[in-house]
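Have a look at the structure below, then the notes.
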Amino acid sequence: MHPPRILLGVNIDHIATLRQARGTRYPDPVQAALLAEEAGADGITVHLREDRRHIQLRDVRLLAEVLNTRMNLEMAVTEEMLALAEEVRPAHVCLVPEKREELTTEGGLDVVGSFEAIAKACERLKNAGCDVSLFIDPDEAQIDAAHRAGAPTIELHTGAYAEEKLGSDAANAEYQRLTAAAMQAVSLGLVVNAGHGLHYHNAEAIAALPGVNELNIGHAIIARALFVGLKEAVQEMKRLIIAGQEAGLMAALDAHDHEHDHADDHTHGHHDCCGH
């Protein structure tokens, strides 16, 4: 059976960043979301931060009413945010760590260290009808804890890979970490998403990771939109990640065939030495 096509979640936070810089009503992130959907986005991601630096509560409420795909609401594990999710009931909620002084999310959620609070949050969100995802580093212990906490989905933090020079030993080492993490999560029955720091030169490789369901990408798409328009920027990224997924599937198939041929050679060799 052919695996489902990889999905693209478009993060529109930075449309709101531009709006908030002047305190105007434009550019409107809701309008951007609808344009992204028309261009083929499979979902819209927004991070309602506690300091409201970009996305506002009004944006979340409007998006909940008008989206044709689905909202992925990124939020901290706080009572205020959990109560909001129970009220708005977005299709997806991704629980993320949050520090007020950071420019963007700097690392994954510590599920191991905050296990009880995260497990309770997962239960509350599940009862509200939300599909829960945990944004975590590609770490074996964190993935295991996410599974035990009852989250059906994880989003692998790709920031460490994205920060390294493409093709460098450090980038290759991070890619191997992500590959191992994706394989572990799939073996546990988790849905695997990925995101953070992805752009037009590295997203294809992440899309090729085994079993990846969706990539969430924002800053690069919004930046590209300044030059080519939002629709074209979304369409370009979607073409890239679909190509990446197909390349990953072909590589996996080739590896499987190679292993099968090697096993056949070994079997034939064994029979030959026994005179069969």
Side-chain angles (χ1 to χ4, degrees), residues 9 11 13 43 45-51 55 60 70-163 173-174 176-197 206 209-216:
N11 185 313
D13 289 352
T45 296
V46 290
H47 184 174
L48 184 65
R49 282 181 170 266
E50 290 183 273
D51 63 10
I55 293 295
V60 174
R70 53 186 166 74
M71 189 199 308
N72 175 34
L73 178 62
E74 294 182 341
M75 62 180 219
V77 188
T78 65
E79 179 55 38
E80 179 200 9
M81 293 298 171
L82 287 168
L84 173 66
E86 287 172 327
E87 177 205 333
V88 176
R89 298 185 177 225
H92 293 258
V93 171
C94 185
L95 298 177
V96 300
E98 196 172 302
K99 299 176 194 168
R100 290 195 175 231
E101 66 274 14
E102 68 190 359
L103 283 174
T104 183
T105 308
E106 292 173 348
L109 201 62
D110 183 8
V111 189
V112 174
S114 306
F115 183 81
E116 286 189 18
I118 291 169
K120 286 177 182 175
C122 288
E123 183 66 20
R124 281 180 65 176
L125 292 165
K126 178 184 174 183
N127 290 338
C130 304
D131 183 19
V132 189
S133 174
L134 303 183
F135 184 72
I136 57 176
D137 291 326
D139 176 85
E140 186 176 344
Q142 297 293 349
I143 293 167
D144 181 60
H147 180 242
R148 288 186 292 109
T153 305
I154 62 166
E155 180 169 337
L156 291 174
H157 183 290
T158 54
Y161 169 73
E163 286 168 11
E174 287 299 333
Q176 290 307 312
R177 279 185 72 206
L178 287 162
T179 300
M183 293 175 71
Q184 177 195 353
V186 168
S187 73
L188 291 171
L190 295 169
V191 175
V192 182
N193 298 337
H196 199 75
I206 298 300
L209 289 171
V212 169
N213 167 69
E214 180 174 32
L215 299 187
N216 282 302

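Looking at residues two or more places apart in sequence or on another chain, you find no salt bridge (Lys or Arg N to Asp or Glu O under 4.0 Å) involving Arg89. Remark: Glu87 engages Arg61 in a salt bridge (Lys or Arg N to Asp or Glu O under 4.0 Å) (not counting sequence neighbours). Checked against side chain to side chain donor-acceptor pair (under 3.5 Å), Gln142 has the following partners two or more places apart in sequence or in another chain: Asp110. Glu79 is linked by a side chain to side chain donor-acceptor pair (under 3.5 Å) to Arg124, counting only residues two or more places apart in sequence or in another chain. Asn72 is linked by a side chain to side chain donor-acceptor pair (under 3.5 Å) to Thr45, counting only residues two or more places apart in sequence or in another chain. For Ala141, the side chain to side chain contact (heavy atoms under 4.5 Å, CB included) partners two or more places apart in sequence, or in a different chain, are Val112, Asp139.
Note: Asn193 CG to Leu134 CG = 11.0 Å, rounded to the nearest 0.5 Å. Here Leu125 contributes atom CG and Glu86 contributes atom CD; the two are 7.0 Å apart, rounded to the nearest 0.5 Å. Note: Met81 CE to Glu50 CD = 5.5 Å, rounded to the nearest 0.5 Å. To the nearest 0.5 Å, atoms CD (Glu214) and OG1 (Thr153) are separated by 9.0 Å. Separating the CG atom in Asn11 from the CD1 atom in Ile55 is a distance of 7.5 Å, to the nearest 0.5 Å. Taking CG from Leu82 and CE from Met75, the interatomic distance works out to 4.0 Å, rounded to the nearest 0.5 Å.
Checked by atom type and distance alone, the side chain of Asn127 pairs as donor or acceptor with a backbone atom of Glu123 at under 3.5 Å. Under a 3.5 Å cut-off, the side chain of Glu155 and the backbone N or O of Cys94 do not form any donor-acceptor pair. For the pair Asn216 (side chain) and Gly195 (backbone), a donor-acceptor distance under 3.5 Å is absent. Although no hydrogens or angles enter the test, the distance criterion places no donor-acceptor pair under 3.5 Å between the side chain of Thr158 and the main chain of Tyr161.
With Phe115 as the aromatic partner, Arg148 meets the cation-pi criteria of under 6.0 angstrom to the ring centre and within 45 degrees of the ring axis.
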Evaluation steps, side chain to side chain contact (heavy atoms under 4.5 Å, CB included), between Leu73 and Val88: CA-CA 10 Å; Leu73 178 62; Val88 176; 5.8 Å; no
Evaluate the side chain to side chain contact (heavy atoms under 4.5 Å, CB included) criterion for residues Leu209 and Thr179: first the C-alpha distance (whole Å), next the side-chain angles of each, then the deciding distance (0.1 Å), finally the verdict. CA-CA 6 Å; Leu209 289 171; Thr179 300; 3.3 Å; yes
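Using a cutoff of 4.0 Å between basic side-chain nitrogens and carboxylate oxygens, Glu174 and Arg177 are scored as salt-bridged.
Contact record, Val96 with Leu109: C-CD1, 3.6 Å, taken as the closest heavy-atom pair. Taking both residues in full, the closest heavy atoms of Ala182 and Leu156 are given as N-CD1, 4.0 Å, listed atom of the first, atom of the second, then distance. Here the closest heavy-atom approach between residue Val77 and residue Ala121 is recorded as CG1-CB, 3.9 Å.
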